[in-house]
Protein chains: 2
Amino acid sequence: MVRWEPGAVERLHSAALELYATKGFEETTVAEIAQTAGLTERTFFRHFADKREVIFGGSELFQEGFLDGIVAAPADAKSLETVIAAVTGAAVFFPDDRRASSRQRTRIIAANPQLQERELQKMSSLASAIAAALRERGIREPAATLAAESGVTVFRMSFAQWIADGAERSLIDIERDLFAELRLMTGSEAQPTT
Amino acid sequence: MVRWEPGAVERLHSAALELYATKGFEETTVAEIAQTAGLTERTFFRHFADKREVIFGGSELFQEGFLDGIVAAPADAKSLETVIAAVTGAAVFFPDDRRASSRQRTRIIAANPQLQERELQKMSSLASAIAAALRERGIREPAATLAAESGVTVFRMSFAQWIADGAERSLIDIERDLFAELRLMTGSEAQPTT
DNA sequence: GTCTATAGTGCGATAGAC
DNA sequence: GTCTATCGCACTATAGAC
């Protein structure tokens with residue numbers, strides 16, 4: 001007889017998603033999640049630092065996606081070009097068949113302020129990691145942080161459009177458009193567009 | 001005999017700042033803060049939604065500062081120009097004689113992840129408010145959000161430089177430089193600088 | 001103003017893998 | 001034997017309900 005079934009983390013994760021979606025985040029207790037997964041409260045906290053963290057599983061992998069894009073960028077790329085490579089490169093993590101589940105997850109987060117704060121924190125640490133990777137490629141401050149933050153902003157906005165109701169375009173297409181918009185917007189010369 | 005001294009909010013605020021700075025945020029209990037201010041725990045939660053919020057007092061006023069700058073901008077200003085007006089306009093909230101106390105407050109926040117998350121949330125809602133104000137001036141999406149987020153990024157970076165050890169330049173000077181850097185960075189044409 | 005649920009921690013015991 | 005995952009219990013503090 002086994003004392004524990006394998007995949008405790010996975011079970012806790014899906015139990016939490018399920019409960020957060022149906023009952024709501026605040027209304028769900030850690031005890032319930034653990035029970036649903038056939039584990040105890042104490043075990044939950046062994047795997048996740050807090051009740052929020054369970055929903056952000058695999059975010060390291062996702063962050064790696066961005067950093068790989070930086071490594072793959074041509075050595076002479078400017079700061080923004082490098083960031084574009086990172087952001088569009090990471091778009092492979094979100095193929096169109098993941099749209100529905102991404103939407104579901106985003107709805108859960110949008111419904112609760114605590115989860116939103118945690119999401120912002122994840123995005124912020126993503127920006128820091130990208131900035132650090134840029135600095136390692138010789139890009140100086142403040143260009144590195146400025147580019148990293150801009151890239152994350154474009155990613156966030158693109159993601160929001162990608163999971164919007166009725167959206168059909170791929171994430172990478174939306175990203176390219178937004179980067180073009182960013183260039184337009186910051187163009188120093190007066191332009192006919194607003 | 002007075003039943004309560006006036007300025008409960010103010011007293012709780014400074015008691016909290018004091019304790020967070022000396023003992024640390026986690027190590028400080030709400031009961032201690034209340035006691036130091038000569039009030040009860042219950043009263044603390046009447047004024048502040050949670051233990052974090054006490055440190056972000058007056059952030060509505062600060063947000064107003066940005067929005068006022070938008071109103072004051074010329075009617076034909078482009079999205080980024082308008083945001084520059086907002087961000088540089090709000091710099092009056094941080095004259096050089098506030099540098100020391102701003103540094104102190106920032107140190108407290110930097111020392112605790114929960115406070116950092118709350119800070120990010122405040123910045124995020126500031127960006128949303130700015131974007132909304134831009135839309136009201138006829139600037140369309142995605143330019144409005146893109147400009148608002150860029151402006152908040154420049155503000156955050158400028159603020160960090162402003163309170164850095166040994167810094168002497170005024171906040172508004174730093175902001176102008178960073179906006180110039182942003183324009184340089186996003187310039188579509190190849191440039192000799194990195 | 002009191003009472004309570006629950007998040008989150010610390011420490012220790014136990015069960016299995018190796 | 002070591003190492004790691006799980007459970008059990010006691011505890012504190014936040015935050016909200018009554």
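A, B, ... follow the sequence lines: proteins, then strands. Residue 1 opens every chain.
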- Query: Does R46(A) reach the main-chain N or O of E41(A) with its side chain, forming a donor-acceptor pair under 3.5 Å?
  - Reply: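 No; judged by distance alone, with no hydrogens or angles, the pair does not exist.
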
Give the rounded distance in Å between these two atoms: [atom1] of [X] and [atom2] of [N].
{"X": "L19(A)", "N": "dA7(C)", "atom1": "CG", "atom2": "C1'", "result": "16 Å"}
{"X": "E41(B)", "N": "dG1(C)", "atom1": "CD", "atom2": "P", "result": "12 Å"}
{"X": "R46(A)", "N": "dA5(D)", "atom1": "CZ", "atom2": "C1'", "result": "5 Å"}
{"X": "E32(B)", "N": "dT14(D)", "atom1": "CD", "atom2": "C1'", "result": "14 Å"}
{"X": "F44(A)", "N": "dC7(D)", "atom1": "CZ", "atom2": "P", "result": "14 Å"}
{"X": "I33(A)", "N": "dG8(C)", "atom1": "CD1", "atom2": "P", "result": "10 Å"}
{"X": "R118(B)", "N": "dA15(D)", "atom1": "CZ", "atom2": "P", "result": "9 Å"}
{"X": "F45(A)", "N": "dG8(C)", "atom1": "CZ", "atom2": "C1'", "result": "5 Å"}

- Message: Return whichever of R42(B) or T43(A) has its heavy-atom-nearest nucleotide of DNA chain D closer to the 5' end.
- Response: T43(A)

- Between S125(B) and S128(B): side-chain donor-acceptor atoms closer than 3.5 Å: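 No donor-acceptor contact under 3.5 Å links the two side chains.
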
- Query: Does a side chain donor of either E32(A) or T28(A) reach within less than 3.5 Å of an acceptor in the other side chain?
  - Reply: no

- Message: Quick check for you: among dA7(C), dT14(D), dG8(D), whose closest atom lies nearest to any side-chain atom of T40(A)?
- Response: dG8(D)

- Item | Steps toward side-chain hydrogen bond (donor to acceptor under 3.5 Å, both in side chains) verdict (T43(B), T40(B)) | CA-CA 5 Å; T43(B) 309; T40(B) 69; 3.0 Å; yes

- Task: Give the intermediate values and the outcome of side chain to side chain contact (heavy atoms under 4.5 Å, CB included) for residues T106(A) and W162(A).
- Result: CA-CA 11 Å; T106(A) 302; W162(A) 182 63; over 6 Å; no

- Using a cut-off of strictly less than 4.0 Å, decide whether H47(A) has a side-chain nitrogen or oxygen near OP1 or OP2 of dT6(D). yes

- Query: Where along residues 21-31 of chain A does a heavy atom come under 4.0 Å from DNA chain C, residue by residue in number order?
  - Reply: T28(A), T29(A), V30(A)

- Given E117(A) and R118(B), is the side chain to side chain contact (heavy atoms under 4.5 Å, CB included) satisfied, shown in steps? CA-CA 7 Å; E117(A) 287 192 7; R118(B) 180 58 52 88; 2.7 Å; yes

- Message: At a heavy-atom distance below 4.0 Å, what parts of residues 51-58 of chain B sit against DNA chain D?
- Response: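 By residue number: K51(B), R52(B).
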
- Message: Can you confirm if the aromatic rings of F62(B) and F155(B) lie within a centre distance of less than 6.0 Å?
- Response: yes

- Message: Rounded to the nearest 0.5 Å, what separates atom CD1 in I130(B) from atom CD in E149(B)?
- Response: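 Answer rounded to 0.5 Å: 9.0 Å.
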
- Query: Does atom CD of E141(A) have more than 12 heavy-atom neighbours, drawn from other residues, nucleotides or ligands, at distances under 6.0 Å?
  - Reply: yes

